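Some notes on the structure that comes next.
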Amino acid sequence: MGTVLAVCISEKKGVQKRDVGSGKFIPDWGIENDAHAGHWHRQVSLLSADKIEAFRAKGADVVYGDFGENLVVSGFDFRALPVGTLLRCGDVLLEMTQIGKECHSHCAIFKAVGDCIMPREGVFARVLEGGVIKNGDEMEIVERTTPRPYQAAVITLSDKGAAGEREDTSGPAIKERLESSGYEVVETLLLPDGRGPLKAQLIRLCDQRQLDLILTTGGTGFTPRDVTPEATREVAEREAPGIAEAIRAYSMQFTRRAMFSRGAAVIRGKTLIVNLPGSTKAVRESMDAFLDDLPHALDMLRNAVSDCGRK
């Protein structure tokens, strides 16, 4: 059980928030009159009160809202909770969607004292059920009554696609197949070939959003710019070579050139990353090779099952 110490909003983005004592939380939107509300996954930001107190102990003169947080709550270490955690505060139900954030332009606090806790300690949530939260209200973690859908992202790697010179058809084909299989595709990205941007996005999606699955398409061949497998392995904590082997073996039924696909399959945290070829036909065939059996692997990563043995 935790206690809400501050409800903060700002009417404009890029400015510090202020404690207004209470707020109306609107489903699939956020806090009424807050500039960061919207139809996206970071509708409400939360900070643990003890993290702010520790920052103050270093000599920083900060008040609630200075880090851009909407809710300051005592009694929880939000950073230690997994994405998908449900938080109940009166009528309001929040679902955690992201841990930490990228800091593209340093805030006023960072510029003043050289540090800011929001990028590493802040968490974000979307509003599932609305109502009013006010200072002093109690917050609790509630158990799910049904499993959370598998969440996925699709990343297309293509220099021409990123430059607008070629239509991406492989990414949408993957998204359509995943959604028809019950997955929630939360992000689709189109990046140029190369290691840097792909590595950054893989790390963000695995560490901050804690997705179940990331499927990439493109960059698995022999040309100098085909470095998707290398970038994928550089962020990996463990490899899952059987999936890539199964894709190549299955695809060999249709074309001998499947032997030239260098795609990898790896694990980072609780996220499975699988590289698929670039062509629309090839990604459909590749998904035929593994998608039906994938839920068991994803459940193991979620710790929902622990035994792979067959009797």
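In what follows, every heavy atom counts, from backbone to side chain, and hydrogens, waters and symmetry copies are set aside. All values reported here derive from a predicted model rather than from experimental measurement.
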Report yes if the side chains of [X] and [Y] come closer than 4.5 Å at any heavy-atom pair, otherwise no.
X      : Y      : value
Pro295 : Tyr183 : yes
Asn33  : Val20  : no
Cys206 : Ile214 : yes
Val73  : Leu5   : no
Gln208 : Phe124 : no
Arg204 : Glu187 : yes
Leu47  : Glu121 : yes
Gln16  : Val63  : no

Modelled atom types, side-chain donor and acceptor of Thr228 and Asn275, under 3.5 Å: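 Side chains of Thr228 and Asn275: no pair found under 3.5 Å.
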
Distance-only donor-acceptor check, side chains Asp28 and Gln43, under 3.5 Å: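 Short answer, yes.
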
Whether [Y] and [X] form a salt bridge (side-chain N of Lys/Arg under 4.0 Å from carboxylate O of Asp/Glu) is what I want to check.
X      : Y      : answer
Lys134 : Asp137 : yes
Glu69  : Lys51  : no
Arg268 : Asp207 : yes
Arg225 : Asp159 : yes

Which value, rounded to the nearest 0.5 Å, describes the distance between [X] atom [atom1] and [Y] atom [atom2]?
X      : Y      : atom1 : atom2 : result
Thr220 : Leu276 : OG1   : CG    : 8.5 Å
Met96  : Arg209 : CE    : CZ    : 12.0 Å
Asn70  : Asp19  : CG    : CG    : 11.0 Å
Leu46  : Leu71  : CG    : CG    : 4.5 Å
Leu128 : Leu87  : CG    : CG    : 10.0 Å
Phe290 : Leu272 : CZ    : CG    : 8.0 Å

Please report the closest heavy-atom contact between [X] and [Y], naming both atoms and the distance.
X      : Y      : result
Thr217 : Gly171 : CG2-N, 4.2 Å
Gln210 : Thr271 : C-OG1, 4.0 Å
Thr85  : Ile141 : CG2-CG2, 4.0 Å
Pro192 : Leu157 : O-CD1, 3.6 Å
Ala37  : Gly30  : CB-CA, 4.0 Å

Quick one: side chains of residues 237-248, donor-acceptor pairs under 3.5 Å with protein atoms, not counting sequence neighbours, listed by atom name and distance.
| from | atom 1 | to | atom 2 | distance (Å) |
| --- | --- | --- | --- | --- |
| Glu237 | OE1 | Gly269 | N | 2.8 |
| Arg248 | NH1 | Ser261 | O | 3.0 |
| Arg248 | NH1 | Gly263 | O | 2.9 |

Mark yes when over 12 heavy atoms from residues, nucleotides or ligands other than [X] sit less than 6.0 Å from its [atom1]; otherwise mark no.
X      : atom1 : answer
Arg256 : CZ    : no
Glu176 : CD    : no
Arg148 : CZ    : yes

Does the [X] side chain pair with the main chain of [Y], one donor and one acceptor, at a distance under 3.5 Å?
X      : Y      : answer
Ser22  : Ile133 : no
Asp212 : Gln151 : yes
Arg177 : Val283 : no
Thr255 : Arg257 : yes
Ser45  : Gly68  : yes

Derivation and outcome, salt bridge (Lys or Arg N to Asp or Glu O under 4.0 Å), residues Glu140 and Arg88: CA-CA 5 Å; Glu140 63 179 338; Arg88 169 72 70 182; over 6 Å; no

Audit row: Thr156, Asp168, side-chain hydrogen bond (donor to acceptor under 3.5 Å, both in side chains) steps and yes/no: CA-CA 8 Å; Thr156 300; Asp168 174 25; 2.9 Å; yes

Check: residues 74-83 side-chain donor-acceptor pairs under 3.5 Å, at least two apart:
| from | atom 1 | to | atom 2 | distance (Å) |
| --- | --- | --- | --- | --- |
| Ser74 | OG | Thr3 | O | 3.4 |
| Asp77 | OD1 | Arg79 | N | 3.3 |
| Arg79 | NE | Arg120 | O | 2.5 |

Stacked cation flag Arg56 on Tyr64, 6.0 angstrom / 45 deg: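 Positive - Arg56 is close enough to the ring of Tyr64 and near enough to its axis.
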
Under the side chain to side chain donor-acceptor pair (under 3.5 Å) test, residues paired with Lys24 that sit two or more places apart: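 In terms of side chain to side chain donor-acceptor pair (under 3.5 Å), with neighbours along the sequence ignored, Lys24 is linked to no residue.
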
